[in-house]
Amino acid sequence: MWKTMILLVLVNVINGQCSCSKFTDESSCFAYGYCLFVNGVCVEQKCEAIPYQEKCKSPLCLWKDNKCLTFKAAESTCQTLLPQQCTEYQGCYYDYTNLKCQISNNCSKLEIDQCNGQLGNGNSCIVDPFNNKCQEMTDCKSLSTEFMCLSQFPFCLYQNSSCKPSSCNEINDSVSCSIMDQCQWNNNKCEIKNCQSIKFGYQCNGKTCGFDKDQCFSCIEQYGYQFFAGLISLLFIL
Ligand SMILES: *[C@@H]1O[C@H](CO)[C@@H](O)[C@H](O)[C@H]1NC(C)=O
Ligand SMILES: *[C@@H]1O[C@H](CO)[C@@H](O)[C@H](O)[C@H]1NC(C)=O
Ligand SMILES: *[C@@H]1O[C@H](CO)[C@@H](O)[C@H](O)[C@H]1NC(C)=O
């Protein structure tokens, strides 16, 4: 029972993305993810229901022939992507030999100079030039060499001969810090983001925080709160 609950919390944190229903202001709603304001409430939309090109974004949606479509990687769909769009969509890689975007099924089948993009499962293909191979990255720990680990900086760090996910306080420079959605640069240190302290929407919106009515709030805390509220109700029921 507890294991399942801990797992639930972890899943929530990993998927930590604000739910559209938390946005009450129309423009804040529009500015976030795949949310649109419909009949006075902010709701997550399927690609097909998004009427604007600027909202029809990767990785889920693709604007084509003046319509927004759900992107599903296939030989034919990857090939219609522009070179600069290719690796934004899961399941496609850019083939530098034939100069086109192709479906990506298995990293280890790619030559190292073609080793880019993500598989359909969202895992990236990472080059290992010293062993002349292309490897699927499931997480930082799966990267076996220092070179591959460094290629994923600042998300992964190579320490004690192994690659591990980095935490905010291990990052020393502001640029790397700002690349990590869960971190913020504050007083010359990289720290875990404190959503409430962020003043501007463009610095706020992301997987960790969302911006509504001139305030930046934490997506994850809300999930946590919902979870604990759920847990407490459950305890009363049982
Ligand atoms: C990918 O290709 C390699 C080499 O051909 C093979 O050993 C492996 O089983 C394949 N993986 C998947 C998930 O198909
Ligand atoms: C690295 O390994 C050494 C020896 O096993 C250990 O004492 C040290 O704490 C480790 N450092 C880190 C950062 O894990
Ligand atoms: C940050 O600085 C410390 C102390 O100088 C150093 O040990 C550490 O490796 C640095 N971290 C990174 C990610 O460069």
Side-chain angles (χ1 to χ4, degrees), residues 7 10-11 13-16 58-60 70-81 86-195 197-198 203 206-209 220:
L7 199 69
L10 287 176
V11 167
V13 172
I14 292 160
N15 290 334
S58 64
L60 297 184
T70 303
F71 184 83
K72 196 163 180 322
E75 190 127 13
S76 58
T77 56
C78 289
Q79 282 185 9
T80 62
L81 297 177
C86 181
T87 55
E88 290 174 15
Y89 288 90
Q90 290 180 7
C92 307
Y93 78 99
Y94 196 70
D95 177 348
Y96 287 97
T97 308
N98 299 301
L99 300 181
K100 59 183 180 188
C101 188
Q102 310 258 36
I103 186 164
S104 183
N105 294 316
N106 184 335
C107 297
S108 52
K109 290 227 162 77
L110 297 175
E111 302 292 329
I112 62 165
D113 56 350
Q114 311 281 346
C115 183
N116 63 66
Q118 295 161 38
L119 299 177
N121 63 11
N123 292 340
S124 300
C125 292
I126 309 290
V127 186
D128 177 1
F130 300 109
N131 296 304
N132 194 32
K133 62 178 195 189
C134 182
Q135 190 195 307
E136 175 175 349
M137 171 181 170
T138 48
D139 55 17
C140 294
K141 290 195 192 85
S142 70
L143 300 176
S144 47
T145 70
E146 183 168 9
F147 182 92
M148 288 194 288
C149 191
L150 285 174
S151 75
Q152 299 309 302
F153 181 81
F155 303 102
C156 306
L157 283 179
Y158 197 71
Q159 279 177 352
N160 266 1
S161 306
S162 65
C163 192
K164 56 154 213 133
S166 49
S167 48
C168 301
N169 60 17
E170 292 171 306
I171 302 301
N172 297 332
D173 70 285
S174 61
V175 176
S176 309
C177 186
S178 66
I179 293 172
M180 308 224 297
D181 190 75
Q182 74 275 28
C183 308
Q184 69 180 14
W185 189 251
N186 191 22
N187 291 327
N188 276 325
K189 282 200 300 265
C190 189
E191 299 173 341
I192 292 180
K193 212 177 240 177
N194 172 3
C195 300
S197 73
I198 297 173
Q203 292 175 336
K207 285 189 168 154
T208 312
C209 314
I220 291 166

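Side chains are part of it too, since the values below use all heavy atoms of this structure and drop only hydrogens, waters and symmetry mates. In listed order, ligands and their atoms are each counted from 1.
- Taken together, Cys149 and Cys163 meet the criterion of an SG-SG distance shorter than 2.5 Å.
- Interface atoms of ligand 3 facing Glu170, defined by a heavy-atom separation under 4.0 Å, are 11 (N), 12 (C), 13 (C).
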Next item on the list: Applying disulfide bond (SG atoms under 2.5 Å apart), run through Cys115 and Cys134 and close with a yes or a no.
Entry: CA-CA 6 Å; Cys115 183; Cys134 182; 2.1 Å; yes
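- Ring geometry for Phe71 versus Tyr89: interplanar angle of 30 to 60°, hence tilted.
- For atom 14 (O) of ligand 3, the protein comes within 4.0 Å by at least one heavy atom.
- Contacts of Ile171 with ligand 3, taken as heavy-atom pairs under 4.0 Å, are absent altogether.
- With Cys101, the cysteine Cys78 has an SG gap of 2.5 Å or longer.
- Of all protein heavy atoms, the one lying nearest to atom 2 (O) of ligand 1 is Asn106 ND2, 2.3 Å.
- The presence of a protein heavy atom under 4.0 Å from atom 7 (O) of ligand 1 is ruled out.
- Remark: SG of Cys107 is found under 2.5 Å from SG of Cys125.
- Shortest contact from atom 9 (O) of ligand 3 to any protein heavy atom: Asn172 ND2, 4.8 Å.
- Of all protein heavy atoms, the one lying nearest to atom 3 (C) of ligand 1 is Ser108 OG, 3.4 Å.
- No donor-acceptor distance shorter than 3.5 angstrom exists from the side chain of Tyr94 to the backbone of Gln114, with no hydrogens or angles considered.
- SG atoms of Cys209 and Cys195 are separated by less than 2.5 angstrom, consistent with a disulfide link.
- Inside a 4.0 Å radius of atom 11 (N) of ligand 3 there is at least one protein heavy atom.
- In terms of protein heavy atoms, atom 5 (O) of ligand 1 is closest to Lys109 CE, 3.4 Å.
- Taking a cut-off of under 4.0 Å to the non-hydrogen atoms of Leu157, the atoms of ligand 3 that pass are 13 (C).
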